[in-house]
Structure formats: C-alpha cells, structure tokens
Amino acid sequence: MPEERSLNFLEEIIEEHLKNGTYKSIVTRFPPEPNGYLHIGHASSICLNFGLTKKYPGYTNLRFDDTNPETEETEYVESIREDVRWLGFEWKHERYASDYFGTLYEYALKLVDKGLAYVDDSTSEEMASMKGTPTQPGMNSPYRNRTIEENRDLFVRMRNGEFPDGSRTLRAKIDMAHPNMLMRDPVLYRIKQAHHHRTGDKWCIYPMYDMAHGQSDSIEQVTHSICTMEFVPHRELYDWLIEKLEIYPSHQYEFARRNINYTVTSKRKLLQLVNEKHVTGWDDPRMPTISGLRRRGYTPESIREFCKKIGVAKRENLVDVGLLEFCVREHLNKIALRRMVVFDPLKVVITNYDKKEEMVISENNPEDISAGSREIPFSGELYIEREDFMENPPKKYFRLAPGQMVRLKSAYIIRCDEVIKDSAGRITELHCTCIPGSKSGLDTSGVHVKGTLHWVSVKHAITAEVRLYDRLFRVEDPADEADDFKNYLNPYSLQIINKVYAEPALKTTTTNQRYQFIRKGYFMMDKDSHSGNTVFNRIVGLKDSWKPQT
RNA sequence: UGACCCGUGGUGUAACGGUAGCACUACAGAUUUUGGUUCUGUCUGUUAAGGUUCGAAUCCUUACGGGUCAACCA
C-alpha cells in the first residue's frame with residue numbers, strides 16, 4: 001500500500017506548475033562549491049533536488065559553483081561526485097560555473113552596454129564605508145557615473161590583465177539607498193590573478209556568486225533553483241539580473257537548512273577540525289560528512305530515510321541526532337549478520353561439560369531467515385562479558401549471579417556455582433554447570449530463564465580491534481556557544497578497545513558487510529584493518545532499555 | 001532606529017476556514033534464546049492579545065520571540 005504522504009511546500013509549488021502548464025517538466029540542480037567535503041546537511045539538499053525529479057518529470061544537474069579559484073580544488077570535486085553517487089543519485093549533466101565564464105563575461109558586457117554596470121576603482125575599504133548599514137543608506141561611488149564607453153574599455157582591460165588584484169571591480173548600478181543591502185550596487189566581477197582548477201590561467205577576472213549562480217541556472221534552464229534561507233535576500237538580485245540580461249527566467253526557492261544537534265555542519269568548522277587534527281580527516285567516522293558516515297558504516301538507505309523523515313520546511317530547526325540513529329538501526333536490523341563478540345572477557349568454566357567441544361547452530365539474522373545460519377564452536381571454557389556477571393545483583397538483574405541461571409545464546413542454560421578470585425579480590429573466573437537437556441532447539445529441561453548472554457569459546461576465539469564512537473560535541477549546538485566551538489568537543493568521542501574476542505566466523509569479514517555484534521551494537525570493518533589486525537567501527541549501539549533499579 | 005524570513009508537544013513534520021495527526025524521544029505493559037526486534041498503551045502542543053467568521057493553527061492587526069542582511073566568500 002503506498003503511504004499517504006502530504007506534500008512539502010516545494011512539491012506543492014511544482015504540482016501547481018505542472019498542473020497549470022507553467023512547465024511540462026522540471027530541472028533542478030545540486031550546486032556545491034568544491035571547497036570542502038559534503039556533510040549530512042548537503043544530503044538533505046541532494047535528496048530534495050534529486051528526489052523532486054525522481055518524483056516529477058525532469059532531471060537534475062550536478063553543478064560545481066567554482067567561481068573562487070583560491071579555495072577550490074579538484075580533490076573536492078571528486079569527493080562530491082563520489083558522495084552523491086554513494087547516496088544513490090545520478091545526475092543528468094555535470095556542469096561547472098567555470099564552463100560559463102565566457103558567457104558570463106558577455107553578460108557582464110551587456111550590462112555595461114545597457115548602462116547597468118560600471119567599473120569602480122574604490123578599494124574594498126572605501127566600498128564598505130560607502131555601503132551604509134542595514135539602517136542607513138549608502139553613498140554613490142565617485143566612479144558611478146563613468147560613461148558606457150569608459151566602463152567598457154576598463155572592463156575589457158580588467159579581463160586583459162592590465163590591473164592588479166583588488167584595484168577595480170565591476171559593479172551593478174542599482175540603488176545605493178536600497179533597503180536590501182545586496183541591491184546597493186553589488187560587485188559582479190573582481191580581479192584575481194589566481195590559478196583555477198579547471199580554467200587554469202585563462203582568466204584573471206572571476207564573477208561573484210550573484211553574477212554566476214542565477215546565470216548558470218538560466219543557461220541550464222533550471223526551473224526550480226532551490227537553496228537555503230540565507231539566500232532569500234539574494235533572490236531580488238537574482239531576478240533583477242535575469243530580467244536585465246533578458247535570459248531564461250529560472251526561479252529561486254528557499255528552504256531552511258537542517259541542523260543536527262551535538263555536531264557542526266559548516267564547511268569552515270569541519271575544515272578546522274581536520275586541519276587542527278581534532279579528527280583524523282574528512283572521513284573520520286565521527287565526522288558528520290558523507291564520507292565519515294560512509295566509513296563509519298551508515299548505509300545510504302538510512303541516510304535517505306532520515307532526510308525523508310526530517311522533511312523540508314522554512315523554519316529554524318535543530319534535528320535530534322537520535323532520529324538519524326533510529327534510521328540506521330532500522331535498516332541495519334534488517335540486513336546485519338549476527339555475530340558474538342566479547343569485549344571485556346570473564347572466563348567461565350563449565351565443570352560438568354564432558355565433551356571436548358561441539359558445534360552449535362545459530363541464525364545469522366532472526367529478521368531474515370534467508371540469511372541462513374552458521375556453526376559456532378562451543379567448549380568447556382568460554383568467555384562472557386564481565387559486565388554480564390554481578391556478585392550482588394540488584395532486583396531484576398537477568399544476567400549471571402551466584403546461583404542464578406542464564407541461557408548462553410544458541411547453546412545451553414548454565415548456573416553459576418562458584419566465583420573464583422585472585423589474591424587482590426578480583427574475579428578471575430566463574431565455575432558453572434550446564435543444565436542437562438537445555439541445548440538450544442532441543443530443550444527438554446523445562447527451565448525458564450530471563451537472560452540470554454553472548455559468549456565465545458576461549459580456544460576458538462579470534463581477536464580484533466573495536467572502535468567505539470560517541471558524539472563529537474558535549475553540547476547540543478556548539479556553533480551557538482559564545483566562545484570557540486572547539487571548547488565543546490567531547491573528549492570521549494573515540495574509545496578504542498585493542499583486543500576483543502570474536503567467534504571464528506568473523507575471520508572472513510568483508511568490506512561493507514554490516515554486523516550486529518549481539519547485545520553490543522552494529523559494526524563494520526574499518527579501512528585501517530590489515531592482515532594482522534581487523535578493526536571494527538561501531539556504527540551505532542543497540543537501543544538499551546535496561547537500567548538498574550534504584 | 002531598518003528591511004526581509006520564520007513561530008504547532010522535548011525534537012522534526014502534517015492539518016490549505018470544519019475532530020490538532022504522524023514519526024522520533026520519554027514512560028508503562030505484552031512478546032522474545034539479543035534487556036535488541038515486534039506489538040499495545042500513556043504523557044506532552046497551535047507564542048500572546050485583539051479582530052473577521054456559525055466556526056480560526058489556518059485570514060487580518062498589533063505585540064512578543066527566533067533567524068538573516070553592512071565578504072572583491074558561496
């Protein structure tokens with residue numbers, strides 16, 4: 001049954017456009033600047049733009065907004081491509097704002113010829129001082145009334161490299177008293193003798209965002225140019241330029257960027273974390289980047305589901321990271337293979353176990369019978385989790401305690417008879433007895449236990465390294481704090497356990513295979529693994545509703 | 001002192017003048033060879049005050065609260 005879903009405000013607009021014939025099909029674009037890695041906030045925009053053209057006739061372009069050669073690099077272009085594809089989307093055309101530098105230059109000339117743009121020799125300081133403030137009008141530049149001929153001559157010479165960086169700009173001639181600061185003769189072109197990652201040294205003038213973005217949309221005949229709310233004031237300029245240039249009228253629509261608690265989603269801040277080594281790189285599994293989430297073990301399906309659940313709207317928001325975790329658990333529960341791994345071992349000796357060893361059978365995934373089952377070696381010497389035993393248990397403690405019984409998952413019910421300690425009083429091992437006839441699947445013992453523990457046979461166990469991750473920050477909104485957001489980093493965001501004990505089936509781990517370590521959480525092998533040491537990242541823990549009484 | 005955008009449970013999002021719903025979280029219970037999963041139930045909401053209307057979360061006004069805008073960044 002298809003779920004009855006209400007439309008978000010953009011879908012409503014598009015359905016209206018399709019219905020009233022404004023468009024027969026739509027074109028959207030995802031327009032990253034290649035100056036950083038994509039993060040979970042971008043995922044929302046990607047799902048939105050590509051999702052719209054999956055739902056409605058049309059297509060989506062991937063367009064790199066590469067108009068600032070000083071910050072942009074090919075490395076970022078490649079990571080962005082990979083991330084979009086990994087999320088499950090394919091673009092119709094791959095474009096670059098730099099593809100349009102020639103056209104954009106012609107557009108600028110057209111504005112000059114129409115008397116709508118002029119070359120300004122003011123320094124950036126002078127320009128700032130004449131700009132006014134949000135509450136006070138600005139003043140006209142002394143260069144504002146140059147003739148069209150003079151402007152054309154100067155602009156062509158700007159392009160020809162006759163002037164040094166920062167010495168002149170091309171500005172739109174609008175209104176220095178406009179209530180919208182962006183309409184106070186915005187800079188359209190600046191001089192930068194910089195090497196561009198695609199056009200090399202061909203250009204020494206580069207268009208500003210406002211002179212490039214809407215024009216690129218127009219060239220690509222984008223029908224719905226979707227961006228975040230901070231661009232609302234730009235819309236007036238976006239429309240003004242399209243009107244004066246007399247080009248295809250793309251239209252801009254804005255939605256509120258998604259913020260997530262206990263993290264930051266700003267490329268500038270993420271770059272700081274990387275550069276200052278607070279994390280190991282853009283793909284550190286604690287990072288909210290797509291590459292970080294991917295390395296951590298998140299699935300694209302779960303991220304898409306998350307984006308769908310948080311929706312699209314125009315109001316400020318701070319989404320609970322718990323929802324992302326819910327989405328990944330929901331997916332992983334269905335696909336993860338179950339394995340038993342003991343993190344902090346406590347030895348259990350089964351004193352009445354008379355066989356040397358045997359194989360027991362366990363299902364790979366109780367949610368999916370087609371995942372089959374596997375054999376696990378069982379013997380008289382096992383490891384269980386140290387925290388699964390208490391000498392003086394509280395009420396409703398379902399695990400092991402002196403005289404208490406538990407089920408060993410897929411094996412026997414055991415009872416704890418004796419606690420062995422060393423001279424310092426530390427528990428070194430437990431002596432237990434196996435309940436006759438309690439073997440899993442063939443249980444005739446009639447014994448009922450509340451607790452089931454994971455375990456591993458001592459002599460068959462293999463070892464591995466496990467990395468447990470927690471939220472990167474201690475506060476919900478680090479960017480909102482008065483002082484440096486880095487003061488709020490969580491010092492316990494990474495915990496490494498060098499040696500855990502795993503059942504032998506984990507020896508053949510493969511890349512991208514997700515596991516549920518029973519009662520421990522979901523895990524995936526990390527790229528730091530090598531032949532002598534397998535490393536597992538904890539993707540997310542299991543929901544844990546147990547809390548000790550009192 | 002300006003302009004623009006936005007206010008629905010703890011969080012996110014619906015209801016388009018006609019019963020405030022869904023999801024997450026939290027809590028309680030049932031089931032369970034994972035204290036997982038699954039199932040059931042409970043708590044919590046229209047920023048405020050006026051107005052229009054038979055009827056307002058929805059339309060209007062004002063107030064209040066939050067956000068954005070003074071880069072040769074995007």
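Chain identifiers are assigned alphabetically (A, B, ...) following the order of the sequence lines, protein sequences preceding nucleic acid strands; residue numbering begins at 1 within each chain.
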Check your understanding: For A:Tyr37, is the NZ or CZ atom of A:Lys267 found under 6.0 angstrom from the centre of its six-membered ring and inside 45 degrees of the ring axis?
Key ->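 No, cation not above the ring by the 6.0 Å, 45° rule.
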Practice item. Answer yes or no on whether A:Arg171 is positioned over the face of A:Tyr118, meaning its NZ or CZ is under 6.0 Å from the six-membered ring centre and within 45° of the axis. Key: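 Not satisfied by the 6.0 Å and 45° rule.
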Point to revise | A:Asp175 side-chain N/O to A:Asp185 backbone N/O, donor-acceptor pair under 3.5 Å | key: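 Flag not set: sc A:Asp175 to bb A:Asp185 has no pair under 3.5 Å.
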What contact category does [X] fall into here, base, sugar-phosphate, or nothing, at under 4.0 angstrom with non-hydrogen atoms?
| X | answer |
| --- | --- |
| A:Ile413 | nothing |
| A:Tyr397 | base |
| A:Gln516 | base |
| A:Glu316 | sugar-phosphate |
| A:Arg338 | base |
| A:His234 | base |
| A:Lys192 | sugar-phosphate |
| A:Thr71 | nothing |
| A:Tyr209 | base |
| A:Ser266 | nothing |
| A:Met208 | sugar-phosphate |

Does the base of [N] carry an N or O that pairs as donor and acceptor with the side chain of [X] under 3.5 Å?
| X | N | answer |
| --- | --- | --- |
| A:Arg519 | B:G35 | no |
| A:Arg329 | B:U37 | no |
| A:Glu476 | B:G10 | no |
| A:Gln136 | B:U1 | no |

Length of the line joining [X]:[atom1] and [N]:[atom2], which is rounded to integer Å:
| X | N | atom1 | atom2 | answer |
| --- | --- | --- | --- | --- |
| A:Lys267 | B:A71 | NZ | P | 21 Å |
| A:Leu7 | B:U13 | CG | P | 16 Å |
| A:Phe255 | B:C5 | CZ | P | 18 Å |
| A:Asn180 | B:C69 | CG | C1' | 7 Å |
| A:Asn261 | B:C24 | CG | P | 17 Å |
| A:Arg315 | B:U47 | CZ | P | 10 Å |
| A:Tyr238 | B:C5 | OH | P | 19 Å |
| A:Asn8 | B:C22 | CG | P | 21 Å |

Check your understanding: Of A:Phe9 and A:Tyr189, whose nearest nucleotide on RNA chain B comes first from the 5' end?
Key ->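 So the residue in question is A:Phe9.
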Can you tell me which nucleotide in [options] comes closest to the side chain of [X]?
| X | options | result |
| --- | --- | --- |
| A:Arg399 | B:G36, B:C72, B:G35 | B:G35 |
| A:Val232 | B:U34, B:C4, B:U11 | B:C4 |
| A:Ala313 | B:U13, B:G36, B:C72 | B:U13 |
| A:Lys547 | B:A74, B:A28, B:U68 | B:A28 |

Practice item. Kindly determine whether A:Phe155 and A:Tyr189 satisfy ring-ring contact (aromatic ring centres under 6.0 Å, His included), including the steps that lead there. Key: CA-CA 9 Å; A:Phe155 185 53; A:Tyr189 261 93; 5.4 Å; yes
Check your understanding: Just to confirm, is there a sub-4.0 Å distance from OP1 or OP2 of B:G36 to any side-chain nitrogen or oxygen of A:Ser545?
Key ->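 Checking B:G36 against A:Ser545, a side-chain N or O does come within under 4.0 Å of OP1 or OP2.
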Point to revise | Short side-chain N/O contact to B:A74 OP1/OP2 from A:Thr67, under 4.0 Å | key: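 Yes, because at least one side-chain N or O of A:Thr67 sits under 4.0 Å from OP1 or OP2 of B:A74.
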Exercise for review: Look through every strand shown and name the nucleotide pairing with B:G7 as Watson-Crick or G-U wobble, where both distances are under 3.5 Å.
Suggested key: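 Matched B:G7 with B:C64 under the 3.5 Å cut-off.
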**Study point:** Base-pairing assignment for B:A74 (Watson-Crick or G-U wobble, both under 3.5 Å)
**Key:**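 B:A74 is paired with nothing.
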**Study point:** Candidate list A:Tyr96, A:Trp203, A:Phe101, A:Phe64, test ring pair (Phe, Tyr, Trp, His ring centres under 6.0 Å), partner A:His196, passing option
**Key:**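 Passing option: A:Phe101.
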Check your understanding: Are A:Phe536 and A:Tyr522 close enough, and set up right, to give a ring-ring contact (aromatic ring centres under 6.0 Å, His included), and what steps lead you there?
Key -> CA-CA 10 Å; A:Phe536 287 101; A:Tyr522 295 97; over 10 Å; no
**Study point:** Heavy-atom closest pair, residues A:Leu62 and A:Ile80
**Key:**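 In this case the closest contact between A:Leu62 and A:Ile80 is CD1-CG2, 4.4 Å.
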